[in-house]
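For reference, the structure discussed in these notes is given below.
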Amino acid sequence: MRGTALAAALGVVTVLGIQGVASGTGASDGGEVSPYSTRAREKGPVEGELHRLALKPKGRGEAVLSQQGTEPFGLLGVSWSDPEAEVKGKIEARTRDADTGKWSKWVVLEQAESGLDGKRPGLRGATEPVWVGPSDGAEVRVAGGAELPAGMELNLVDPGAGGAKAKKKGNLGLGPAAFALPAEDPTPIPQTPPTTPGPESTAPRPDVVSRVQWGADESLNNEGPIYLAGAKIKAVFVHHTAATAPYECSESAAIVRSIHKYHVEIEKWRDLGYNFLVDKCGTVFEGRQGGVDQPVQGAHTFGWNSESTSVSILGDYTNAGASPAALEAVSKVAAYKLGQYDGDINGTTTLTAGATQKNFFGKSYTEKQSYEFKSLSGHRDGFNTQCPGNSLYPQLEALRQTGPAAQLKIASVNGAPAVPGATYPGGAALTVDWTTSTASGALNKFELLVDGEATAVTDGTARKATAVVTHGKHEVRVRATAANGKVSTSLAVTVEADVKGTKFVPVAPKRLMDTRTGLGVRSGPVGTAGVVTLPVAAATGGTPTAVVLNVTATNPTQPSFVSVYPSGTTRSSASNLNFRSG
């Protein structure tokens, strides 16, 4: 997830991915259920437990926690008193599988970034949290370093399971718990959550498992959210949680609860650091509180949190890439959040550095200076870490091209520059122009929506369409369907059509055009892809707002079709008349 502060200062690569796992797979056998599996009917807060076991110093920069049985837990980490202290030696842990009783291999715990959520009371130094699956024993060793910081302890998190069936150690699920009284905290009062919805997005809002649904213990959060100072999300940073044992997707909520508890109770953050989390099955979880539709400031990418949001995939993607389902979920979240602020998942943006540091590639950033980023970036682009993993990071390039049409907006209405939400006067005829930053080759079609109904359809190369509207106000939007099937919809404008005095006036049949004789237009056959423009008003002797025409083809030499459409607009692919040779 994060590298260390010292690594950032020295420009050293911090490896944030554990080779191997710290416990069993958590896979069910014999039809039994993991003690941390979710049951859909169980909603609401789940109060987990935190256990602390002191490490015993041995001198020479060494410390241990002897192999021992413990209370049930699913996630672990090591912490110490001084948040600025660096552990020079290697911190390793192994655990005992609660189901099989077997001990895992030793795994390395990486030191976490201190103060990622700001300078706060009670901060401790800590390693990254490691999900190990249902376990009931632990052993820790620290070796090979200089003097160790004081107060080193192993922290074990039991996320609770809301009553799920335990395999061996009885019922680990603690069930819904009452909200505890908030502890006193001298930190400033945060911003009041907004009472109005966040900005409308051009991309659909994805299905998100809310904090209530994944069982967030809100008694841990007595401070409330902080919102971006500019109230605008300009970039999405992708992470992986790393150091995660193989898990069942039914355990994902428990993993999220564990990370929440570790970030708040061990690292002393105000809340879970990530804005969104995604599991390997593509389920999206709401992370930091404050509203899925709001510009909530998270704690995820050191130096860049004030203008961005984050998505973290549960798992370690150092040696293997993320699943298609997980990538699709990230795409949906990124397109939705960027679409709220006229961003492009396949575009770039400018961010202002909040700290002087280097990223994984050695690029230097100076505090308060501006730098260009891809709108969808990896954690390593902003900070010196391997996150989101050597296998996931290359997947981001293809992921950037998986969104719907971006920055889709109505440019003009009947020739007048358009602004979302504004009202434009007009008559029965409606002409709408639009723009998008997505290339035509990646688009399938556009639809002009009037009051939610498609009144005109064009291909992916068009940027204009026409319609006829009735008297009164109408909501007008443009809907784009990308070649990948994803849909985006522009923000709405309102057209107020004044056609109250218009009426249908029947006239005697009259021929207005004949290409054989040159009546109304030039004479001669109309060839393939030919266009003939008829001045209807001059031909009728009036100023009609709409007309009804009969069109006939005579003596065609090959099968084809005729489209009839208002002059000056883009021809649609619709056929008004089909004919055959002869």
Side-chain angles (χ1 to χ4, degrees), residues 405 408 410-415 426-436 440-470 474 476-483 487 490 495 497 499 502 504 507 509-540 542-582:
L408 178 64
I410 294 177
S412 67
V413 176
N414 291 336
L430 173 65
T431 300
V432 176
D433 296 75
W434 61 85
T435 60
T436 176
S440 295
L443 300 172
N444 182 27
K445 66 177 180 178
F446 291 100
E447 297 167 280
L448 178 60
L449 306 181
V450 178
D451 299 328
E453 297 294 328
T455 59
V457 181
T458 72
D459 60 29
T461 64
R463 297 295 183 270
K464 178 185 290 187
T466 62
V468 176
V469 294
T470 58
H474 303 277
V476 178
R477 297 174 184 260
V478 173
R479 181 166 62 200
T481 302
V487 173
S490 72
V495 172
V499 291
T502 301
F504 180 72
V507 296
K510 179 180 181 181
R511 180 166 293 169
L512 303 182
M513 179 186 80
D514 193 328
T515 60
R516 297 172 299 179
T517 63
L519 175 61
V521 296
R522 63 175 175 79
S523 63
V526 181
T528 302
V531 176
V532 175
T533 302
L534 171 66
V536 175
T540 59
T543 55
T545 58
V547 295
V548 177
L549 301 173
N550 290 329
V551 181
T552 303
T554 60
N555 303 319
T557 59
Q558 59 184 0
S560 187
F561 68 94
V562 175
S563 293
V564 182
Y565 58 100
S567 178
T569 67
T570 301
R571 175 177 176 169
S572 74
S573 59
S575 169
N576 297 93
L577 173 66
N578 296 318
F579 54 82
R580 295 181 300 173
S581 176

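Note that these values count all heavy atoms, side chains included, but never hydrogens, waters or copies made by symmetry.
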Query - Min side-chain heavy-atom separation Leu430-Val450 under 4.5 Å - result: yes
Requested in this report: With the side chain counted from C-beta on, respond yes when Ser581 and Pro559 share a heavy-atom pair under 4.5 Å apart, and no when they do not.
Outcome: yes
Requested in this report: List the steps and the verdict of side chain to side chain contact (heavy atoms under 4.5 Å, CB included) for Phe561 and Asn576.
Outcome: CA-CA 7 Å; Phe561 68 94; Asn576 297 93; over 6 Å; no
Report summary line: The residue among Val551, Leu519, Val521 that forms side-chain contact (heavy atoms from CB on, under 4.5 Å) with Met513 is Val521
Requested in this report: Verify side chain to side chain contact (heavy atoms under 4.5 Å, CB included) between Trp434 and Ser490, making sure each step is shown before the conclusion.
Outcome: CA-CA 9 Å; Trp434 61 85; Ser490 72; over 6 Å; no
**Report entry** Result of checking Thr431, Val457, Val432, Ile410 against Leu448 for side-chain contact (heavy atoms from CB on, under 4.5 Å)
**Finding:** Val432
**Report entry** Reported NZ-to-CZ distance for the pair Lys445 and Arg479, which is rounded to 0.5 angstrom
**Finding:** 7.5 Å
Query raised in the report: How many angstroms lie between atom OG1 of Thr517 and atom CZ of Arg511, to the nearest 0.5 angstrom?
Result: 7.5 Å
Report task. Evaluate side chain to side chain contact (heavy atoms under 4.5 Å, CB included) for Arg463 paired with Ser440, printing each intermediate quantity in order. Result -> CA-CA 10 Å; Arg463 297 295 183 270; Ser440 295; 3.0 Å; yes
Query raised in the report: Which atom pair, heavy atoms only, marks the closest approach of Thr435 to Ala411?
Result: CG2-CB, 4.1 Å
Query raised in the report: Heavy-atom count around Asn550 CG within 6.0 Å, excluding the residue itself: above 12?
Result: no
Query - Shortest non-hydrogen contact from Ala482 toward Ala405 - result: CB-N, 4.4 Å
Requested in this report: Measure the shortest side-chain to side-chain distance between Val476 and Leu449 over non-hydrogen atoms and say whether it is less than 4.5 angstrom.
Outcome: no
Query - Interatomic distance, Leu443 atom CG to Asp459 atom CG [nearest 0.5 angstrom] - result: 10.0 Å
Query raised in the report: What is the minimum heavy-atom distance between Thr455 and Ala467, and which atoms define it?
Result: OG1-CB, 3.4 Å
Query raised in the report: Between Leu534 and Leu512, does a side chain to side chain contact (heavy atoms under 4.5 Å, CB included) hold up when you go through it step by step?
Result: CA-CA 8 Å; Leu534 171 66; Leu512 303 182; 4.1 Å; yes
**Report entry** Rounded distance (nearest 0.5 Å) linking atom OG1 of Thr554 with atom CZ of Phe579
**Finding:** 10.0 Å
**Report entry** Which atom of Glu447 lies closest to which atom of Ala454, heavy atoms considered
**Finding:** OE2-CB, 3.7 Å
Query raised in the report: Hey, are the side chains of Leu408 and Phe446 touching, using non-hydrogen atoms and a 4.5 Å cut-off?
Result: yes
**Report entry** Beyond-backbone contact of Thr458 with Lys464, side-chain heavy atoms, under 4.5 angstrom
**Finding:** no
